[in-house]
Amino acid sequence: MERGSGKLSRKKSGGGNGQVLDGSNIMELVGNQQVFTTFVDHKFHELDTDKDGKLSVKELQPAVADIGAALGLPAHGTNPDSDHIYSEVLNEFTHGKQENVSKSEFKEVLSDILLGMAAGLKRDPIVILRIDGEDLLEFVNGSGYEAEMNSIFSQIESPNRSLHDHIIEALGKLTVEQGIPPTSDSWVLSNIMEPALLSQAGSDLDKSVSQETFLEEFKIVAMSVANRLKEQPVIVAHSENTFDGSGVKRLLSNKFELDKILNSAMETMPKDRNGKLSKEYLRVALDTVAPSAGLPPVGAIEEMMRRW
């Protein structure tokens, strides 16, 4: 099972294929009091632009922005949902009041936030991948290419859609494992995918499509995408989880924990006048139990089935 975080950036310099972020570096930083104190002193001094020994709401904004970027949020002011998170982070520092924050308060809140991020990364590590076209070329030239693309074509085939539409949707069906960055990202779509399609000047991408034509034309476009990725590699923050049933077995083996979780889930679910749980709320109950059982969210089942 795979999930792309959507956190993308163009590669400018350096490498880093497959770097794993599991929170251990954060834990090491916060756990070393001397190092963390030095880090906080430096950061506080940097933010305290008027040098009054406290941080105003305005002076805290860069720190909040850095935390948002680390969480993969878009820039402040671009999305109401993420702006709410920025506001909540700021409130953590100011305790909801428009007051200046001392160094000790700044250190305490920053420690809590970093430890929370580390716990999340430990539970769900992120792999930083550099997608540069090599994996895509390997996929396109590999023995499994035709079977995979025939399967995808059977899922998306429509007589009312053009070859262009089929190719774009097929690219979206591929994953980072085949060397394709998330096509849902607007930068990837406008700077990698669409230019690769436009470069096929000799192809009539508005025509109807057969399976044979699709396989032939898609391969040409994929090669063009690989060349563009070679010129402009993309960094993707990518997470993978393996759901092998071990969490379910562990939960079922502990009757006390199982009863506790099920009771908690049932108590929070709305019921009808006869005290029965309606089917539409069963999904919510399953999502409540899922983390303890090592299961993905119910909404991920379709994706998990497709990949398996």
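Here the structure is a predicted model, which is why all the values come from computation and not from measurement.
Looking only at side-chain heavy atoms (C-beta outward), E146 and K219 stay at 4.5 Å or farther from each other. Side-chain contact between M223 and L137: present, with at least one pair of heavy atoms (C-beta onward) separated by less than 4.5 Å. V57 has its side chain within reach of Q61: a pair of non-hydrogen atoms, C-beta onward, lies under 4.5 Å apart. For the pair I192/W187, a side-chain contact is recorded, criterion being any heavy-atom separation below 4.5 Å from C-beta on. Within the 4.5 Å cutoff, no side-chain heavy atoms of L55 are placed close to those of F93.
Contact record, G133 with L229: N-CB, 3.6 Å, taken as the closest heavy-atom pair.
In this structure, D83 contributes its side chain and G77 its backbone to a donor-acceptor pair below 3.5 Å. Here the side chain of H166 pairs no donor or acceptor atom with the backbone of S210 at under 3.5 angstrom. A donor-acceptor pair is defined here as one N or O able to donate and one able to accept, closer than 3.5 Å; no such pair exists between the side chain of H95 and the backbone of N91.
Annotation: side chain to side chain contact (heavy atoms under 4.5 Å, CB included) contacts of A63 (sequence neighbours excluded): L47, F106. Under the side chain to side chain donor-acceptor pair (under 3.5 Å) criterion, E169 pairs with R161, not counting sequence neighbours. Residues meeting the side chain to side chain contact (heavy atoms under 4.5 Å, CB included) test with E216, sequence neighbours left out: none. Listed by chain and number, the residues in a side chain to side chain contact (heavy atoms under 4.5 Å, CB included) with M27 are L115, A118 (sequence neighbours excluded). With sequence neighbours excluded, no residue forms a side chain to side chain donor-acceptor pair (under 3.5 Å) with E88. Qualifying side chain to side chain donor-acceptor pair (under 3.5 Å) partners for T38, counting only residues two or more places apart in sequence or in other chains: none. The side chain to side chain contact (heavy atoms under 4.5 Å, CB included) check on E105 picks up V101, S102, with sequence neighbours excluded. Remark: N141 engages no residue in a side chain to side chain donor-acceptor pair (under 3.5 Å) (not counting sequence neighbours).
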- Item | F214/N150 under side chain to side chain contact (heavy atoms under 4.5 Å, CB included): CA gap, chis, key distance, verdict | CA-CA 9 Å; F214 169 77; N150 279 333; over 6 Å; no

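Side-chain contact of S111 with E108: a donor-acceptor pair under 3.5 Å is absent, judged by distance alone. Using modelled atom types, one finds no donor on one side chain facing an acceptor on the other under 3.5 Å when comparing S154 with S151. Between the side chains of N191 and Q232, no donor-acceptor pair is found at a separation under 3.5 Å.
Residue pairs meeting the ring-ring contact (aromatic ring centres under 6.0 Å, His included) criterion with at least one partner in residues 121-150, sequence neighbours excluded, are F139-Y145. Residue pairs that meet the salt bridge (Lys or Arg N to Asp or Glu O under 4.0 Å) test with at least one member in residues 25-53, sequence neighbours left out, are D41-K103, K43-E46, K43-D66.
Surrounding CD of E59 are more than 12 heavy atoms belonging to other residues, nucleotides or ligands, all under 6.0 Å away.
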